[in-house]
Amino acid sequence: MHSGATCRPGNAAGCSAVAQDGHHALHGTHAVLFKEKHGKHIRAACFAFDGSMNTHANRALLSPKHASSTTFISSRCKVHRRVGGCEVRAQRDTREQGVETDRGEAKRPKRAARATPVKVVRDLSIRQCYGCGADLQKQDEKIAGYLPPDKYDLKKLHNQLKSTLCTRCGDLSNGAMLNMVAGQAHAPSAALGLITADQLRDQLLPLQDQKALVVQVVDILDFNGTIMNRVRELVRNNPIILMVTKSDLLPKGTSGREVLAWVQARAEGRRLTVAGIILVSSRTGDGMEAAVGAVLRERRGRPVYAIGAANAGKSSFVSAFLKRLSETDIQASMASRYLPVASAMPGTTLGMIPIQAFGPKEKALYDTAGVLLHHRLNALLNEDELKAVHPRRRLNPYTPRLPEHLSEGGGPQGMTYLWGAVVRIDVLEAPPSTRLAFVGPPGVRVKLIATEEADRATDATGNFMPAEEEGEALFGLATVRHMGGLKVVREVELDAAAVDGDVADVDAPVADLAVSGLGG
């Protein structure tokens with residue numbers, strides 16, 4: 001099987017290839033591979049942007065470390081692993097002596113000074129937009145926090161700036177997609193008014209020097225793509241509660257208990273010690289009572305910071321948290337009058353938003369700007385594509401039917417699966433019973449063509465450019481053209497006979513192929 005996916009280096013989960021309708025993977029949008037009855041090999045390769053195409057064999061994550069380049073892969077080197085009898089071959093591009101004092105005493109040498117983190121110093125006379133955290137201003141409409149001068153002056157005169165949304169937040173609340181982050185949504189890496197990914201991340205550095213409770217928000221549809229592997233560098237020894245959001249979007253029949261066990265294993269695999277793991281849905285309110293209880297129990301007078309990757313669901317979680325807390329707390333009820341803005345646009349929140357959720361004299365609850373992770377596909381998509389791929393309802397697996405005139409011997413061998421324009425999966429070798437099931441946003445359609453036809457659209461340098469058919473919109477084509485096409489980034493070989501369970505079970509899972517940021 002040959003696989004093409006648009007991703008960037010880093011983590012897995014967002015879109016993936018799963019194995020079976022009854023065994024839904026817990027990490028994102030999926031394409032599923034089914035086990036052959038007699039246990040033959042399945043061979044595949046992935047076309048992608050530089051990045052987050054990951055393979056999970058027997059639902060165990062296989063993720064060779066990737067470089068954090070933002071360019072396309074131009075050459076290959078091999079990474080070979082075997083886990084649980086499944087082989088994965090990856091192809092990708094190849095960063096004390098004492099001192100004498102005046103008294104003649106020997107003085108101990110000083111330890112090397114620890115690097116001082118950047119401090120965020122705010123002018124308290126400047127009001128923030130309560131929706132995004134940007135400083136309100138009337139000078140430039142291209143810069144975050146802008147208000148028309150007449151509105152700004154009127155609100156300031158009546159001391160109402162603290163309860164005012166900036167123009168951008170008002171538009172985002174009404175469905176507009178407005179990017180303010182450099183290098184995202186086809187924006188330049190540096191331009192007037194755009195905030196860089198480093199600036200967003202640096203806002204969290206003061207956490208290193210204060211005692212706080214950290215709530216790390218992770219998207220269950222893209223768990224491996226949204227969990228921050230180096231979060232301890234930002235929060236040091238502060239306790240972390242892992243809030244796993246968007247549980248209401250998991251395929252029907254998914255066991256919450258199995259999800260939590262899977263998340264626990266993933267956290268332990270990253271050596272991340274947490275004070276608790278809670279599965280929640282900000283939309284339905286499921287799990288929010290447990291979330292409120294855990295935060296109140298672990299806070300112990302400390303401020304609470306909700307942190308996480310861009311578009312992981314932090315602002316939605318903070319709003320749902322306040323709504324649940326306000327049922328028993330008058331202070332939270334008052335604070336919930338002005339909630340952070342949540343939208344499908346990554347980078348909606350641009351600064352720390354303090355919310356007096358626990359009392360006027362208590363430390364605050366902070367909604368923070370999302371950390372931009374470049375390996376995720378949604379860091380590449382333009383505004384219209386981001387809106388189309390944003391999940392709004394429960395995801396369901398889709399298994400495309402194989403055209404008789406294209407398939408060889410009734411199986412997918414020699415077939416190419418195009419998942420929109422951003423994912424290409426070529427099945428190089430597979431038993432006839434092999435099937436792929438896709439779990440992702442309904443707006444990203446799957447199309448089957450012969451691999452020979454796909455190869456004709458691949459140039460001499462290996463760049464594949466999907467062709468748009470008349471009357472058929474191909475999701476992500478604008479981004480693929482902007483990035484210069486897709487390239488093979490990984491070849492996968494799977495031994496179906498080594499899958500755990502009954503060898504005769506045709507529906508047994510073989511592997512997941514995950515594309516981070518597609519649908520999550």
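Computed from a predicted model, the values in this text were never measured in an experiment.
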Notebook entry, point to check: Take atom CZ in R401; do more than 12 heavy atoms of anything else shown fall under 6.0 Å from it?
Noted result: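 Not buried by this count: 12 neighbours or fewer within 6.0 Å.
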
Next item on the list: I would like to know whether L418 and F464 meet side-chain contact (heavy atoms from CB on, under 4.5 Å); could you show each step before the answer?
Entry: CA-CA 11 Å; L418 295 179; F464 169 69; 3.9 Å; yes

Item checked: Derivation and outcome, ring pair (Phe, Tyr, Trp, His ring centres under 6.0 Å), residues F223 and W262 -> CA-CA 10 Å; F223 179 85; W262 182 87; 5.3 Å; yes

Student check: side-chain heavy atoms of [X] and [Y] closer than 4.5 Å:
X	Y	value
C132	V341	no
P466	V480	yes
F317	S319	no
R435	L402	yes
I307	V235	yes
Y417	P412	yes
K447	W419	no
V371	L204	yes

Checking the side chain of [X] only, and the main-chain atoms of [Y] only, is there a donor and an acceptor separated by less than 3.5 Å?
X	Y	result
K155	S163	no
E385	N382	yes
Q128	M352	yes
T254	L250	no

Pairing residues for [X] by the salt bridge (charged side-chain N to carboxylate O under 4.0 Å, His left out) criterion, not counting sequence neighbours:
X	result
R283	D248
K138	D153
E289	R324
E453	none

Note to self: For a side-chain contact (heavy atoms from CB on, under 4.5 Å) check, start with the C-alpha distance between V215 and K314, then their side-chain angles and the critical distance, and finish with the verdict.
What the structure shows: CA-CA 9 Å; V215 174; K314 294 179 301 302; over 6 Å; no

Using the side-chain hydrogen bond (donor to acceptor under 3.5 Å, both in side chains) criterion, which residues pair with [X]? Sequence neighbours excluded.
X	value
T245	none
R445	none
E233	R230
S282	none

Next item on the list: Starting from the C-alpha separation in whole Å, work towards a yes-or-no answer on side-chain contact (heavy atoms from CB on, under 4.5 Å) for L386 and M345.
Entry: CA-CA 7 Å; L386 283 167; M345 188 75 222; 3.7 Å; yes

Note to self: The criterion is side-chain contact (heavy atoms from CB on, under 4.5 Å); which residues satisfy it with A176, sequence neighbours excluded?
What the structure shows: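 A176 satisfies side-chain contact (heavy atoms from CB on, under 4.5 Å) with D171, L178 once adjacent residues are dropped.
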
Hey, could you give me the [atom1]/[atom2] distance between [X] and [Y], rounded to the nearest 0.5 Å?
X	Y	atom1	atom2	answer
I355	F321	CD1	CZ	10.0 Å
R376	D219	CZ	CG	6.5 Å
I449	M415	CD1	CE	8.5 Å
C166	L147	SG	CG	7.0 Å
N463	T458	CG	OG1	8.5 Å
Q199	L194	CD	CG	10.0 Å

Item checked: Intermediate values then yes/no, side chain to side chain donor-acceptor pair (under 3.5 Å), S343 and T348 -> CA-CA 7 Å; S343 79; T348 295; 2.6 Å; yes

Next item on the list: Go through the side-chain N and O atoms of S315 and T349 and say whether any donor and acceptor fall under 3.5 Å apart.
Entry: yes

Check: How about T416 and T451: does a side-chain donor come under 3.5 Å of a side-chain acceptor?
Finding: yes

Margin query: Test: salt bridge (charged side-chain N to carboxylate O under 4.0 Å, His left out). Region: residues 190-199. Which pairs qualify, not counting sequence neighbours?
Written below: none

Search all heavy atoms of [X] against all heavy atoms of [Y] and return the closest pair with its distance.
X	Y	answer
G256	L279	CA-CD2, 4.0 Å
L372	A379	CD1-CB, 4.2 Å
L518	P441	O-CD, 4.1 Å
L322	S336	CB-CB, 4.2 Å
M243	A291	CE-CB, 3.6 Å
L350	A369	C-CB, 3.9 Å

Report all side-chain donor-acceptor pairs from residues 183-193 shorter than 3.5 Å, counting only partners two or more places apart or in another chain.
residue	atom	partner	partner atom	Å
Q184	NE2	N179	OD1	2.8
Q184	NE2	P346	O	2.7
H186	NE2	L380	O	3.2
H186	NE2	T479	OG1	3.0

Next item on the list: Using the test ring pair (Phe, Tyr, Trp, His ring centres under 6.0 Å), find all partners of Y305 that sit at least two apart in sequence or belong to another chain.
Entry: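 Ring pair (Phe, Tyr, Trp, His ring centres under 6.0 Å) list for Y305, sorted by chain: Y366.
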
Checklist line | Candidate pair Y146 and Y152, rule ring pair (Phe, Tyr, Trp, His ring centres under 6.0 Å), full reasoning | finding: CA-CA 9 Å; Y146 175 76; Y152 181 93; 9.3 Å; no

Check: Hey, mind stepping through L234 and V214 against side-chain contact (heavy atoms from CB on, under 4.5 Å) and telling me if it holds?
Finding: CA-CA 10 Å; L234 293 173; V214 176; over 6 Å; no

